[in-house]
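Read the structure below first, then the notes.
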Amino acid sequence: MAPKYKAPRGTQDVLPEVSWRWQRVEAAFRDICRRYGYREIRTPILEDTELFVRGVGDGTELVSKQMYTFPDRSGRSLTLRAEGTAPVVRSVLEHNLAAQGQLQKLYYIAPIFRYERPQAGRYRQHTQLGVEAIGAPGPDIDAEIIALFQDFLDAIGLEGAVAHLSSIGCPECRPTFQQALRKFFEPVIAEMCDFCQARYETNPLRILDCKAPRDVELREGAPSALDHLCDDCRQHFDGVKAALDALSVAYEVDPTIVRGLDYYTRTAFEVVHPSLGAKDVIMGGGRYDGLAEMLGGPPTTGIGFGSGLERLLLVLEQAGGTGSQPVRKPLDVYVAAASLEARQPAFLLAGELRRTSVSAEVDYTKRSLKAQMKEAARLGARLVALLGEDELKAEAVTVRDMESGEQLSIPRTEAVQYLAARSAANAEVQE
RNA sequence: GUGAGCGUAGCUCAGCGGUAGAGCUCCGGACUGUGGCUCCGGUGGUCGCGGGUUCAAAUCCCGUCGCUCACCCCA
């Protein structure tokens, strides 16, 4: 065995056995987006490498070691979509969609590529369901997209998710917070883990995020980002909370959440689910008011989120959301051939049925009649149209109701009409 | 990038130094043209790949690729 080729590490094939789950979640997401007035945008899988370096920040983990970057044949550097927001903002700027203060409400379902070590809920290619609202300063729009996501979770029957909300301030107030953090940790930093010692210099916010038990103790009483917001950020944050309360969206204020990408400002949030293990973040997002300018555009506010479809599916499987049963529409008619001579007429009958919108299947592997009946049952066929020596002679087809086992003979000339009528009746019964 | 566990039929797994097995699936038969139950039979594996130790390796050792989980990071 040992096939020569396998799907690349960290990627997966979505086989027919499970693809219906994907479709169902995607359909729910599209429907919720439609309700909220978000329209789909599709951007290329490839972007100029610079887009991510500029937008996401060259000091970030994502840019420094996780991007799939390569030169194309002309030598320019391209990168597989490493995250969802920068390409959308690029597109909005490129086509001037946010000109004259037009609010753009956009959504996407798109593959994301990151070179990481695969793990439960972490892949090198994953799919993000994302939403971006570009051109509204908030805070109502901030609350709106969190509400949108909650509605989406309700729609797919996922319970137990918790939304965490914070504000990471703006370029005005963040430096003072970092100073406060450094001052607080200065006396104890030597006792903390190696990672935190490094973070102390590069990004002290991350110390708040560390899970090392000793560090968790040491950061007891550390300053909170929320205590260092400037007046504008404070007001914005209060506005988001008020809007969420008004919409009855549950959330927890959690000042420890941190964003890994440089473009985030103010509102930051993530939704976690306890059934997931180490990778428990189902959705993450926030405001990125400085991004458009970083990409060379006019000052344009924005906020959005990304949600990992693969993780959602993992949670749905474990937490048992509704949608756990496939709604595969059963096959209307299986056309069985009892003899070699009947195979061609059976093939043609199936063709005619399909053209009258009846779903029909035939055997293509010359199996025995018995095997064909088995196959019909396996496919969930409601009716079997049987063609054999006798039927060909009598110019008729035998129709078997697979549930009751009743059979009757129908003239070949009326067969298509008859089978179509029976199938339509079945369809109604099913509703 | 670091660490641990694991890679045997389509699937789930047993075998752990003597030349490969079970259950399910699939195919066929009992039922000479008819499914879902039962019984009988059959197909199917270079035991991830490469190297080493040994008279002998799926079994031991090394390497490599992959999977899983955790760290890191993130969706």
Side-chain angles (χ1 to χ4, degrees), chain A residues 1-12 15 17 56 60-66 81-85 109-130 149 193-196 198-199 203 206 209-212 257-261 269-273 276-285 304-315 334 336-342 365-392 398-407:
Chain A
M1 275 297 352
K4 188 169 178 184
Y5 299 107
K6 297 177 184 171
R9 181 160 208 205
T11 67
Q12 57 183 325
L15 301 177
E17 286 282 287
V56 176
T60 61
E61 189 106 345
L62 174 56
V63 169
S64 64
K65 40 202 212 197
Q66 298 184 338
R81 176 168 38 227
E83 60 96 37
T85 302
I109 299 176
I112 304 282
F113 301 85
R114 291 179 195 167
Y115 190 86
E116 299 186 86
R117 190 97 174 246
Q119 191 184 323
R122 188 169 77 183
Y123 311 93
R124 290 186 173 179
Q125 176 181 343
H126 77 276
T127 311
Q128 274 189 27
L129 310 180
F149 189 73
C193 75
D194 295 347
F195 295 113
C196 284
R199 289 168 179 141
N203 187 355
R206 289 230 167 268
D209 212 24
C210 185
K211 285 147 198 130
I257 66 178
V258 184
R259 300 282 77 191
L261 312 183
F269 49 83
E270 52 193 39
V271 174
V272 302
H273 197 282
L276 218 41
K279 297 262 129 342
D280 63 351
V281 178
I282 263 178
M283 172 278 235
F305 70 70
S307 175
L309 178 49
E310 290 79 358
R311 283 190 193 170
L312 286 171
L313 291 166
L314 279 177
V315 179
Y334 188 93
S339 67
L340 268 183
E341 298 72 44
T365 57
K366 298 193 174 173
R367 282 189 286 191
S368 66
L369 209 221
K370 178 172 175 161
Q372 292 178 56
M373 293 302 291
K374 258 181 114 164
E375 178 70 358
R378 205 171 12 236
L379 294 173
R382 303 213 122 102
L383 301 171
V384 165
L386 180 61
L387 284 170
E389 229 177 307
D390 300 345
E391 286 80 0
L392 292 182
T398 297
V399 175
R400 178 181 179 88
D401 183 309
M402 289 297 273
E403 206 171 320
S404 66
E406 284 168 24
Q407 295 194 178

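Naming: A, B, ... by sequence-line order, numbering from 1 per chain.
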> Is A:Glu310 reaching over with its side chain to a backbone N or O of A:Thr127, donor-acceptor style, under 3.5 angstrom?
Replying inline: yes
>> I'd like the P distance from B:U25 over to B:U68, given in whole Å.
In response: 27 Å
>> Counting distance alone, no hydrogens or angles: does the base of B:G36 have a donor or acceptor under 3.5 Å from a partner atom on the side chain of A:Arg378?
In response: no
>> Can you tell me if A:Gln119 touches the phosphate of B:A70, counting only side-chain N or O atoms and a distance under 4.0 Å to OP1 or OP2?
In response: yes
> Is A:Arg117 near enough to B:C71 that one of its side-chain N or O atoms lies under 4.0 angstrom from OP1 or OP2?
Replying inline: no
>> Can you check the distance between B:G5 and B:A9, where both ends of the measurement are the C1' atom (answer in whole Å)?
In response: 24 Å
> Which value, in whole Å, describes the distance between the C1' atoms of nucleotides B:A56 and B:C16?
Replying inline: 15 Å
> Is there a donor-acceptor pair under 3.5 Å between the side chain of A:Ser339 and the backbone N or O of A:Gly388?
Replying inline: no
>> Looking only at the side chain of A:Arg400 (C-beta and beyond, no hydrogens), which of the listed nucleotides B:A75, B:G35, B:G66 gets closest?
In response: B:G35
> Whom does B:G44 pair with, Watson-Crick or G-U wobble, provided both distances fall under 3.5 Å?
Replying inline: none
> Does B:C37 have a Watson-Crick or wobble partner in any strand here, with both distances under 3.5 angstrom, and which is it?
Replying inline: none
>> Rounded to whole Å, how long is the line connecting atom CZ of A:Arg9 with atom P of B:G66?
In response: 5 Å
> Is B:U32 paired to anything, Watson-Crick or G-U wobble with both distances less than 3.5 Å, and if yes, which nucleotide?
Replying inline: none
>> I need the CZ-P distance between A:Arg124 and B:C74, as an integer number of Å.
In response: 17 Å
> Under 4.0 angstrom, heavy atoms only, what part of the nucleic acid is A:Gly285 near: base, sugar-phosphate, or nothing?
Replying inline: nothing
>> Just to be sure I understand the rule, does A:Ala120 reach a base, reach only the sugar-phosphate, or reach nothing, if contact means heavy atoms closer than 4.0 Å?
In response: sugar-phosphate
> B:C69 P sits how many Å from A:Arg311 CZ, rounded?
Replying inline: 12 Å
>> Quick check: on RNA chain B, is the nucleotide nearest A:Glu391 upstream (toward 5') of the one nearest A:Glu116, or the reverse? Name the residue that is more 5'.
In response: A:Glu391
> Out of B:A75, B:G35, B:G28, which has the shortest distance to the side chain of A:Ala377?
Replying inline: B:G35
> Among the nucleotides B:C67, B:G28, B:G33, which one has an atom lying closest to any side-chain atom of A:Asp390?
Replying inline: B:G33
>> Tell me the interatomic distance from A:Ile282, atom CD1, to B:C74, atom C1', rounded to whole angstroms.
In response: 14 Å
> NA contact type, A:Glu83, heavy-atom cut-off 4.0 Å: base, sugar-phosphate, or nothing?
Replying inline: nothing
> When you compare B:G50 with B:U59, how far apart are their P atoms, in angstrom units rounded to a whole number?
Replying inline: 13 Å
>> Measure NZ/A:Lys6 against P/B:U68 and give the value in whole Å, please.
In response: 12 Å
> Once you round it to whole Å, what is the distance between C1' of B:A75 and CZ of A:Phe113?
Replying inline: 14 Å
> Base, sugar-phosphate, or nothing for A:Gly121, non-hydrogen atoms under 4.0 angstrom?
Replying inline: base
> Can you check whether A:Arg367's main-chain N or O pairs, donor with acceptor, with A:Gln372's side chain at less than 3.5 Å?
Replying inline: yes
> Touch check for A:Arg367, heavy atoms < 4.0 angstrom, all strands: base, sugar-phosphate only, or nothing?
Replying inline: sugar-phosphate
> What is the distance from atom OG of A:Ser368 to atom NZ of A:Lys366, rounded to the nearest 0.5 Å?
Replying inline: 14.0 Å
>> Considering every strand and a 4.0 Å limit on heavy-atom distances, what is the contact class for A:Tyr123: base, sugar-phosphate, or nothing?
In response: base
> Across all strands, who's sitting opposite B:C60 as a Watson-Crick or G-U wobble pair, both distances under 3.5 Å?
Replying inline: B:G52
>> Tell me whether the NZ or CZ atom of A:Arg81 lies within the 45° cone about the ring axis of A:Phe113 and under 6.0 Å from its centre.
In response: no
> When the distance from CD of A:Gln12 to C1' of B:A75 is rounded to whole Å, what number comes out?
Replying inline: 13 Å
> Does B:C6 pair with anything, Watson-Crick or G-U wobble, both distances under 3.5 Å, and if so, with which nucleotide?
Replying inline: B:G66
>> Classify A:Met402 by what it touches in the nucleic acid, base, sugar-phosphate, or nothing, heavy-atom distance under 4.0 Å.
In response: base
> Taking atom CZ of A:Arg382 and atom OG of A:Ser404, what is their separation to the nearest 0.5 Å?
Replying inline: 12.0 Å
>> Measuring only the C1' atom in each nucleotide, how far is B:G36 from B:U12? A whole number of Å is fine.
In response: 23 Å
> Say you pick atom P in B:U53 and the same atom in B:G66; how far apart are they, in whole Å?
Replying inline: 28 Å
>> With no hydrogens and no angle check, just 3.5 Å: does a side-chain donor-acceptor pair link A:Glu391 and A:Thr398?
In response: yes
> For atom C1', what is the distance between B:A22 and B:C47, given to the nearest Å?
Replying inline: 15 Å
> Is there a donor-acceptor contact under 3.5 Å from the side chain of A:Arg311 to the main chain of A:Val281?
Replying inline: yes
>> For B:C69, does the base pair up with any side-chain atom of A:Arg122 as donor and acceptor (N or O, under 3.5 Å, distance only)?
In response: no
>> Please give the distance between the P atoms of B:C37 and B:U46 as a whole number of Å.
In response: 31 Å
>> When you measure only distances, ignoring hydrogens and angles, does the side chain of A:Lys279 come within 3.5 Å of the base of B:C73 through a donor and an acceptor?
In response: yes
> So, is A:Ser368 near the phosphate of B:G33, with a side-chain N or O under 4.0 Å from OP1 or OP2?
Replying inline: no
> Hey, does A:Lys370 reach any base, or is it just sugar-phosphate, or nothing, if we go heavy atoms under 4.0 Å?
Replying inline: base
> Hey, which of these two, A:Gly388 or A:Leu62, hits RNA chain B nearer its 5' end, going by closest nucleotide?
Replying inline: A:Gly388
> Atom CD of A:Glu270 and atom C1' of B:C73: how far apart are they, to the nearest Å?
Replying inline: 12 Å
> Watson-Crick or G-U wobble partner for B:A22, using a 3.5 Å limit on both distances?
Replying inline: B:U12
> Counting side-chain heavy atoms from CB outward, which of B:G35, B:G28, B:C69 is closest to A:Ala371?
Replying inline: B:G28
>> Using a 4.0 Å heavy-atom cut-off, does A:Gln125 contact any base of the nucleic acid, only the sugar-phosphate backbone, or nothing at all?
In response: nothing
> Does a distance-only test, which skips hydrogens and angles, find a donor-acceptor pair under 3.5 Å between the side chain of A:Glu403 and the base of B:G36?
Replying inline: no
> Which part of the nucleic acid, if any, lies within contact of A:Gln407, taking any heavy atom under 4.0 Å across all strands shown: a base, the sugar-phosphate backbone alone, or nothing?
Replying inline: base
>> What's the separation between atom CD in A:Glu403 and atom CD in A:Glu406, rounded to the nearest 0.5 Å?
In response: 10.5 Å
>> Under 3.5 Å for both donor-acceptor distances, Watson-Crick or wobble: does B:G1 have a partner, and if so which one?
In response: B:C71
> Which part of the nucleic acid, if any, lies within contact of A:Ile112, taking any heavy atom under 4.0 Å across all strands shown: a base, the sugar-phosphate backbone alone, or nothing?
Replying inline: nothing
